[in-house]
Amino acid sequence: MKLRDAPSACPSLWRWLPCPPAELRLDLVLSSGQSFRWWESSPGAWTGVLGGRVWTLRQDGDRLWYTVYGEEDEREEEEEERDGCPAKAAKLNAAETERILRDYFQLDVGLSALYHAWGAADPLFRKVAKDFPGVRVLRQDPVECLFSFICTSNNHISRITAMIERLCQAFGRRLCCLDSRPFHAFPSLSELTGADAEARLRALGFGYRAKFVSGSARAIAEGLGPEGLCQLRSAPYAEARRVLCALPGVGAKVADCVCLLSLDKAEAVPVDTHVWQIARQRYGVALGGKSLTPRAYQEIGDFFRELWGPRAGWAQAVSIPPFLAPLSSTPSHAHPIISPFQVLFCADLRKGQKPAGSQHQA
């Protein structure tokens, strides 16, 4: 374990907030394919970029521990760490850091009560949910979420993660370096709209997605802007979905992922062929045709919204993944995925089911 990843090593740089595993499981949520910016830097410790800062998080009993690293400047880039602690700690007060975490993990939403309600409505949910506590939906920055999910087309989680890392290194602002690993902020729209952006993205291995990323960046910059994208949080679900689907490279499924994970549309249910098969085979949803048509897509979403209620997208994140393994003869982490929601919360589900740590640390 790296010294910096343990609160006991640098207690002055770590804070905690109360958060039982039933409300949040970092190991299930951060490896799930909702976000592609987190890395298990040592067992039970997760390091990633959130809100333009680099964080390390870990759980211990009913506590969520966190530390935030400050941005380096050119004179400090070569400065060594002392005693495993960052050379420069972030100057954010406790109230602000806690607000950021609570917002990102949506901790004001009581998950245990939702699990109970979903289990009462759905015996299949009740059957699988006991093995996967603390699975909740992140609330991400809309720009980062949108462009991350544009990159998910015909892709798998490990490759998407590598693509996003290259994107941030090439276009984003450098934040700091930990253990010789540089961390960068997610690029702004202006950084993705340059005349050479598409060519640079193709050189980074984005393939046909390069055109969609640069095209959507220009469309947003010239249209509603990043502020307007964020304001879709207050728009009706159907309106937000319509606006997103008008962007290059954004279909119904990507739009629903963005709606669910960044625009406060908890009723959004991303549907792919696997979810379609599960709806038919496990839930007996009778739909005509042999393919996932737009009509079938809508009917499946409506079915789950009626079954699970206004937070159907959250319930899907728990109940769908355990049924996915039998649908593929290849491991879930290796299976080519059209969207990470095909294997949402499957990337690391077969690791231990116990939350990391069991004793409070001082």
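Predicted, not measured: the structure shown is a model, and the values here were computed from it. Values below: all heavy atoms of this structure, side chains included; hydrogens, waters and symmetry mates excluded.
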Ring-plane angle category for Tyr104 and Trp38, please: parallel below 30°, perpendicular beyond 60°, tilted otherwise.
tilted

Assign the ring pair Trp65 / Trp16 to parallel, tilted or perpendicular, where the plane angle (0 to 90°) is split at 30° and 60°.
tilted

Tyr208 side chain to Ser153 side chain, donor-acceptor N/O pair below 3.5 angstrom
yes

What do you reckon, are the aromatic ring centroids of Phe132 and Phe125 less than 6.0 Å apart?
no

Is Arg311 close to Arg136 at the side-chain level, that is, under 4.5 Å between some pair of heavy atoms?
no

For the residue pair Trp55 and Tyr66, does the interplanar ring angle fall in the parallel (under 30°), tilted (30 to 60°) or perpendicular (over 60°) class?
tilted

Lys/Arg-Asp/Glu bridge criterion (N-O < 4.0 Å) met for Arg305, Asp302:
yes

Within a strict 4.5 Å, meaning less than it, do heavy atoms of the Val275 and Gln316 side chains meet?
yes

Flag the pair Leu244 / Leu229 as yes when at least one side-chain heavy-atom distance between them is below 4.5 Å, and no otherwise.
yes

Got a sec, which pairs hit salt bridge (Lys or Arg N to Asp or Glu O under 4.0 Å) with one end in residues 192-209, sequence neighbours left out?
Glu198-Arg202

So Phe183 and Trp39, would you call those rings parallel, tilted or perpendicular, with 30° and 60° as cut-offs?
tilted

Do Leu263 and Tyr237 have side chains that approach each other closer than 4.5 Å (heavy atoms only, starting at C-beta)?
no

Evaluate the side-chain proximity of Leu114 to Trp308: yes if any heavy-atom separation is below 4.5 Å, no if none is.
no

So Val109 and Trp314, do their side chains get closer than 4.5 Å, heavy atoms only?
yes

Do the side chains of Leu138 and Val29 get nearer than 4.5 Å, heavy atoms only?
yes

Can you tell me if CZ on Arg295 sees more than 12 non-hydrogen neighbours from other groups inside 6.0 Å?
no

Under the side-chain contact (heavy atoms from CB on, under 4.5 Å) rule, collect the residues that match up with Glu144, sequence neighbours excluded.
Arg37, Asp141, Ser148, Phe186

Side chains of residues 216-228: which donor-acceptor partners sit under 3.5 Å, not counting sequence neighbours?
from, atom 1, to, atom 2, distance (Å)
Ser216, OG, Phe212, O, 3.2
Ser216, OG, Pro248, O, 2.7

